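Written below as structure tokens is the structure these notes are about.
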Amino acid sequence: MADDGLLAKVHDLSDVELALLLCLVSREHGLLSTPPDALGPLIQELRLVAGKTFGLKCVVVDCTPDTTLEHFASALLYAPPQPAFAPSAPFPPLAESSSASQPRGQHARRAASLSAGGPSPQMANCVLAKNLDRAPRAVQIQALELLRTRRIFTRTSVQAAPKQFVFVPVLAAEAPGRAHVTPHLSDFFSIAHWHDPDDGFVNLEELDDVEAAEVASTDSVVRSRHLDDFRVPSTTPLISESDISHLAQLSQQVQVDVDVLRYQMNIISFLRMHRAVAQGISPAATKHFDKLVRCLAPIHQLDYVTPALVGLAARKIYLHRIRITTPENERSMQWGSRLEAVQATLDNIGPDQVIDDVLEMVTAPL
């Protein structure tokens with residue numbers, strides 16, 4: 001059982017912090033989405049969460065349709081701190097922000113600077129892939145290869161991911177479950193989280209309050225913050241790597257009753273048979289489902305899985321995996337259903353509604 005001090009810190013986390021914590025505890029990766037106008041603030045919030053809450057080195061990979069494999073690979077790296085006697089680096093720290101769409105010459109100069117007498121570049125602990133869905137298919141496949149092998153090839157070396165490593169695409173979408181990358185890559189992400197801007201950006205708002213107080217005390221003028229000049233304060237992390245490892249060990253000791261396991265399997269079966277679901281539900285999702293329910297138990301001060309935890313995990317595991325079928329391909333069309341009736345049934349239904357339907361249909365064990 002986790003100690004009360006650690007649980008108190010976990011229970012004070014925001015929804016974005018909890019999403020990243022679940023990725024770290026399960027040693028898996030997650031996908032976050034939000035409305036387009038909130039994408040920038042969410043990136044800044046995640047950078048604060050990675051640095052302040054978990055003490056991770058973080059880079060932002062800004063993807064565009066013109067992103068190349070070389071640009072993507074070099075954007076994952078950051079420069080370790082140099083010794084006090086070393087000359088200062090002639091470029092901003094890669095742990096702050098890095099664009100995968102920079103011109104080739106800028107990446108070449110940066111790589112040359114990294115290799116000219118300074119510490120070797122390293123892969124960041126936390127990679128925020130902004131607009132990864134807009135990147136070319138080859139880049140998304142390269143991202144999948146990175147997640148599978150925990151390595152990436154640059155022009156001059158092979159870079160290995162650190163032990164504590166999380167890759168998070170941050171995508172713009174109009175509604176929950178509408179953000180997608182290529183199917184195989186999407187299935188590799190364990191969880192998905194939709195952030196509603198109305199829920200706020202806790203760490204970003206706290207930073208703004210601190211800066212506002214400093215401005216008031218000095219009567220200075222602060223210009224608007226942009227992603228490129230955004231700096232994460234250096235502080236002691238709220239939740240250390242040892243805390244995360246402790247929660248991960250506790251998750252491996254969690255017990256699952258046979259009735260609860262049957263409940264999980266029934267949810268999966270009903271999702272596969274839901275009339276709005278296209279392309280089924282993959283076996284990889286089932287493995288992630290089982291792992292997540294076990295990871296949720298310790299942070300709720302439990303050493304066993306409850307039906308409520310199963311329902312919570314289902315909303316995280318399947319939100320980005322469910323693809324809504326078209327009316328023409330809905331299965332009842334094979335038996336003479338009218339197209340207009342099917343269109344009305346599927347109108348405005350999304351992955352979150354499908355999950356809610358299934359959880360209402362499947363009876364939870366008492």
Side-chain angles (χ1 to χ4, degrees), residues 1-3 6-7 10-11 13 15 18-31 147-148 166 176-177 183-184 186-194 243-325 331 350-366:
M1 191 76 66
D3 63 86
L6 175 56
L7 289 175
V10 170
H11 294 164
L13 298 179
D15 60 340
L18 281 171
L20 197 57
L21 174 65
L22 288 174
C23 291
L24 293 170
V25 171
S26 63
R27 304 292 184 186
E28 299 288 350
H29 310 277
L31 183 151
L147 301 187
R148 288 182 60 254
V166 59
H184 291 293
S186 181
D187 197 38
F188 207 90
F189 293 115
S190 174
I191 68 170
H193 175 71
W194 166 262
D243 292 334
I244 293 171
S245 297
H246 180 55
L247 290 173
Q249 292 175 357
L250 291 177
S251 70
Q252 297 174 3
Q253 302 168 12
V254 170
Q255 302 296 318
V256 183
D257 186 80
V258 64
D259 290 332
V260 175
L261 181 60
R262 185 182 298 114
Y263 179 52
Q264 288 179 229
M265 296 301 107
N266 287 341
I267 289 175
I268 295 169
S269 298
F270 274 67
L271 282 172
R272 287 174 173 164
M273 295 301 296
H274 196 283
R275 64 185 301 178
V277 175
Q279 303 174 6
I281 301 297
S282 70
T286 303
K287 295 180 180 179
H288 289 153
F289 194 12
D290 181 68
K291 181 181 286 189
L292 183 60
V293 296
R294 296 174 186 271
C295 291
L296 285 170
I299 67 177
H300 287 84
Q301 209 168 4
L302 297 171
D303 56 6
Y304 58 91
V305 175
T306 66
L309 294 183
V310 173
L312 178 60
R315 289 184 168 90
K316 296 296 182 184
I317 292 293
Y318 295 106
L319 185 63
H320 63 299
R321 290 183 164 95
I322 294 175
R323 303 293 179 100
I324 302 301
T325 189
R331 62 171 60 91
D352 51 340
Q353 287 91 358
V354 170
I355 297 172
D356 288 340
D357 286 348
V358 169
L359 292 178
E360 289 178 4
M361 288 187 289
V362 180
T363 303
L366 300 176

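What you see is a predicted model; the values in this text were computed from it and never measured.
Within 6.0 Å of the CE atom in Met273, the count of heavy atoms belonging to other residues, nucleotides or ligands does not exceed 12.
Between His11 and His300, the angle of the ring planes lies from 30° to 60°, which puts this pair in the tilted group.
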For this session: Could you go through the salt bridge (Lys or Arg N to Asp or Glu O under 4.0 Å) check for Asp356 and Arg315 one step at a time?
Result: CA-CA 8 Å; Asp356 288 340; Arg315 289 184 168 90; 3.2 Å; yes

For this session: Run the numbers on Val254 and Leu296 for side-chain contact (heavy atoms from CB on, under 4.5 Å), then give the verdict.
Result: CA-CA 10 Å; Val254 170; Leu296 285 170; over 6 Å; no

Exercise. Between Ile299 and Val25, does a side-chain contact (heavy atoms from CB on, under 4.5 Å) hold up when you go through it step by step?
Worked result: CA-CA 10 Å; Ile299 67 177; Val25 171; 5.7 Å; no

For this session: Please assess Asp357 against Phe270 for the test side-chain contact (heavy atoms from CB on, under 4.5 Å), listing each intermediate value before the final yes or no.
Result: CA-CA 9 Å; Asp357 286 348; Phe270 274 67; over 6 Å; no

For this session: Under the side-chain contact (heavy atoms from CB on, under 4.5 Å) rule, what do Leu250 and Asp303 come out as? Steps first, then yes or no, please.
Result: CA-CA 8 Å; Leu250 291 177; Asp303 56 6; over 6 Å; no

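Here the closest non-hydrogen pair linking Pro307 and Tyr263 is O-CE2, 3.7 Å. For the pair His274 and Met361, the tightest heavy-atom approach, listed with the atom from each and the gap, is CD2-CE, 4.2 Å. Residue Leu309 comes nearest to Ala297 through the heavy atom pair CD1-CA, 3.7 Å, listed as atom of the first residue, atom of the second, then distance. Minimum interatomic distance between Gly30 and Cys23 (heavy atoms only, all atoms of both residues): N-SG, 3.5 Å. The nearest pair of heavy atoms linking Ile191 to Ala19 is CD1-O, 3.6 Å. Nearest heavy-atom pair, Ser190 versus His320, reported as atom, atom and distance to 0.1 Å: O-CE1, 3.7 Å.
A heavy-atom distance below 4.5 Å is not found between the side chains of Asp290 and Thr286. Looking only at side-chain heavy atoms (C-beta outward), Leu319 and Asp352 come within less than 4.5 Å of each other. Residues Thr325 and Val277 are not in side-chain contact: their nearest non-hydrogen atoms beyond the backbone lie 4.5 Å or more apart. A 4.5 Å side-chain heavy-atom check between Leu22 and Glu28 finds every atom pair outside the cut-off. For the pair Val10 and Asp243, the minimum side-chain heavy-atom distance is 4.5 Å or more. Counting heavy atoms from C-beta on, the side chains of Tyr304 and Asp257 never come closer than 4.5 Å.
Remark: side-chain polar atoms of Ser186 are not paired, donor with acceptor, to backbone N or O of Pro183 under 3.5 angstrom. Between the Arg294 side chain and the Ser251 main chain, no donor and acceptor come within less than 3.5 Å of each other. Judged by distance alone, with hydrogens and angles left aside, the side-chain atoms of His29 form no donor-acceptor pair with the main-chain N or O of Leu147 at under 3.5 Å. Looking only at distances, no side-chain donor or acceptor of Arg148 sits under 3.5 Å from a matching main-chain atom of Phe188.
None of Val310, Leu312, Leu261 except one satisfies the side-chain contact (heavy atoms from CB on, under 4.5 Å) rule with Val293; the exception is Val310.
Considering CG of Leu247 and OG of Ser26, their distance stands at 11.5 Å, rounded to 0.5 Å. Remark: Ile268 CD1 to Ile281 CD1 distance equals 9.0 Å, nearest 0.5 Å. Taken to the nearest 0.5 Å, the CD1 atom of Ile267 stands 8.0 Å off from the OH atom of Tyr318. With values rounded to the nearest 0.5 angstrom, Lys316 atom NZ is found 11.5 Å from Leu31 atom CG.
One finds a salt bridge joining Asp187 and Arg321 here, because a Lys/Arg side-chain nitrogen approaches an Asp/Glu carboxylate oxygen to under 4.0 Å.
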